[in-house]
A.B. asks: 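Quick one: the structure is below, and I'll ask about it shortly.
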Amino acid sequence: MKELRTEIKINASPEKIWKVLTDFEKYPQWNPMIKSFKGNLEEGQKVTVKLEQPGSSGMTFKPTITKVVANHQFRWQGHLFFPGLFDGEHLFEIKDNKDGTCTFIHGENFKGILIPLSKKMLENNTRRGFEMMNEKLRE
């Protein structure tokens, strides 16, 4: 298993961050990593996500939404080809710092037989993609 976590402090309320984060139609205008997100943000629903990370070609996949807590977090679970090969649970979490700011946590838990071969790419390209998205969300 490989865990990847990034976080950034944002001067905004959880509601404001949530509004931007879940306005999927506007992703192409600001999001450098998630180029499109199609589907309903409801637990158990399959969505279609197109990702483009630094140094990598884009990929489209169809994860399942596993958790939605308005103004707090949402997660999806996806896999490459079939479960057990390269699986990931992607998470977006908003923590209210109770001082007019929030901490946005963006990460993924990876597992599967291909993870050992992908650690360098995950630490470099994937981490950088998360950080770029975090910065743009803060803007």
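All residue numbers in this chain count up from 1 along the given sequence.
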A.B. asks: Check whether any side-chain heavy atom of Asp23 lies under 4.5 Å from a side-chain heavy atom of Lys26, and answer yes or no.
C.D. replies: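 Yes, their side chains come closer than 4.5 Å.
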
A.B. asks: To the nearest 0.5 Å, tell me how far His72 NE2 sits from Trp18 CH2.
C.D. replies: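 These two atoms lie 9.0 Å from each other.
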
A.B. asks: Under a 3.5 Å distance rule, please check whether Glu43 uses its side chain to pair with a backbone N or O of Val68 as donor and acceptor.
C.D. replies: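 A pair under 3.5 Å: yes.
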
A.B. asks: Determine yes or no for a side-chain-to-main-chain donor-acceptor pair under 3.5 angstrom, with Asn31 supplying the side chain and Pro28 the backbone.
C.D. replies: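 It does not hold such a pair.
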
A.B. asks: Any side-chain heavy-atom pair from Asn97 and Lys9 closer than 4.5 angstrom?
C.D. replies: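 Yes; the side chains approach each other to less than 4.5 Å.
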
A.B. asks: Given the rule that I, L, V, M, F, W and Y join up when any side-chain heavy atoms are under 4.5 Å apart, are Ile65 and Met33 in one cluster?
C.D. replies: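 As far as the 4.5 Å side-chain criterion goes, Met33 and Ile65 are connected within one cluster.
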
A.B. asks: Looking only at heavy atoms, what is the nearest atom pair of Trp30 and Leu137, with distance?
C.D. replies: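 Scanning both residues, the minimum pair turns out to be CZ3-N, 3.6 Å.
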
A.B. asks: In the single-linkage hydrophobic clustering (I, L, V, M, F, W, Y; side-chain heavy atoms under 4.5 Å), do Ile113 and Phe110 co-cluster?
C.D. replies: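 In one cluster with Ile113: Phe110, yes.
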
A.B. asks: Looking only at heavy atoms, what is the nearest atom pair of Tyr27 and Met133, with distance?
C.D. replies: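 Minimum heavy-atom separation between Tyr27 and Met133: OH-CE, 4.5 Å.
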
A.B. asks: Return the orientation label for the Phe92 and Phe104 ring planes: parallel under 30°, perpendicular over 60°, tilted otherwise.
C.D. replies: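 Parallel.
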
A.B. asks: What heavy-atom pair brings Lys136 and Pro32 nearest, and what distance separates the two atoms?
C.D. replies: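 Reported closest heavy-atom pair: CG-CD, 3.7 Å.
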
A.B. asks: Shared ILVMFWY cluster between Phe86 and Phe61, side chains joined below 4.5 angstrom?
C.D. replies: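 Cluster IDs for Phe86 and Phe61 match.
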
A.B. asks: Could you go through the side chain to side chain contact (heavy atoms under 4.5 Å, CB included) check for Ile105 and Lys95 one step at a time?
C.D. replies: CA-CA 8 Å; Ile105 300 162; Lys95 290 194 175 185; 3.7 Å; yes

A.B. asks: Around atom NZ of Lys35, are there more than 12 heavy atoms from other residues, nucleotides or ligands closer than 6.0 Å?
C.D. replies: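 Atom NZ in Lys35 is packed in, count exceeds 12.
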
A.B. asks: Take Asn134 and Thr6, measure what side-chain hydrogen bond (donor to acceptor under 3.5 Å, both in side chains) needs, and give me the verdict at the end.
C.D. replies: CA-CA 8 Å; Asn134 297 355; Thr6 62; 2.9 Å; yes

A.B. asks: How long is the straight-line distance from OG1 of Thr126 back to NZ of Lys2, given to the nearest 0.5 Å?
C.D. replies: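 So the gap between those two atoms works out to 9.5 Å.
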
A.B. asks: To the nearest 0.5 Å, tell me how far Thr101 OG1 sits from Asp96 CG.
C.D. replies: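 It comes to 7.5 Å.
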
A.B. asks: Is there side-chain contact between Phe37 and Thr48, with heavy atoms separated by less than 4.5 Å?
C.D. replies: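 Result no, sub-4.5 Å side-chain heavy-atom pair not found.
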
A.B. asks: Do the side chain of His90 and the main chain of Glu108 share a donor and acceptor less than 3.5 angstrom apart?
C.D. replies: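 Between the backbone of Glu108 and the side chain of His90 there is no qualifying donor-acceptor contact (under 3.5 Å).
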
A.B. asks: Is there a path of hydrophobic side-chain contacts, each under 4.5 Å between heavy atoms of I/L/V/M/F/W/Y residues, joining Leu80 to Leu4?
C.D. replies: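 Same cluster.
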
A.B. asks: Scan Ile17, Val69, Thr103, Ile10 and name whichever one has a side-chain contact (heavy atoms from CB on, under 4.5 Å) with Ile94.
C.D. replies: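 Between Ile94 and the candidates, side-chain contact (heavy atoms from CB on, under 4.5 Å) is satisfied uniquely by Ile17.
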
A.B. asks: Are a donor atom and an acceptor atom from the side chains of Gln73 and Arg75 found within less than 3.5 Å of each other?
C.D. replies: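 There is such a pair between these side chains.
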
A.B. asks: Can you tell if the side chain of Asn109 reaches within under 4.5 Å of the side chain of Met1, non-hydrogen atoms only?
C.D. replies: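 A side-chain contact exists here, since the closest heavy-atom pair is under 4.5 Å.
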
A.B. asks: Salt bridge between Lys50 and Glu52, side-chain N to carboxylate O under 4.0 Å?
C.D. replies: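 Salt bridge flag = yes for Glu52 with Lys50.
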
A.B. asks: In Å and rounded to the nearest 0.5 Å, what is the CD to CD distance from Gln45 to Glu42?
C.D. replies: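 Between atom CD of Gln45 and atom CD of Glu42 there are 5.0 Å.
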
A.B. asks: Atom NZ of Lys67 and atom CD of Glu89: how far apart are they, to the nearest 0.5 Å?
C.D. replies: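 If we round to the nearest 0.5 Å, Lys67:NZ and Glu89:CD are 9.0 Å apart.
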
A.B. asks: Given Trp76, which of Val49, Thr64, Thr66 fulfils the side-chain contact (heavy atoms from CB on, under 4.5 Å) condition?
C.D. replies: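 Of the listed options, the one satisfying the test is Val49.
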
A.B. asks: Please answer: with hydrophobic residues joined when any side-chain heavy atoms are less than 4.5 Å apart, are Ile34 and Phe24 in the same cluster?
C.D. replies: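 The answer is yes; both residues are in one hydrophobic cluster.
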
A.B. asks: So how far is it from Lys46 NZ to Asn40 CG, rounded to the nearest 0.5 Å?
C.D. replies: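 The NZ atom of Lys46 sits 14.0 Å away from the CG atom of Asn40.
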
A.B. asks: Identify the heavy atoms of Ala12 and Cys102 that sit nearest to each other, and give their distance.
C.D. replies: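 Smallest heavy-atom distance, with atoms named: O-SG, 3.3 Å.
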
A.B. asks: Checking salt bridge (Lys or Arg N to Asp or Glu O under 4.0 Å) for the pair Arg5/Glu3: CA distance, chi angles, key distance, verdict?
C.D. replies: CA-CA 7 Å; Arg5 292 278 183 282; Glu3 181 179 40; 3.1 Å; yes

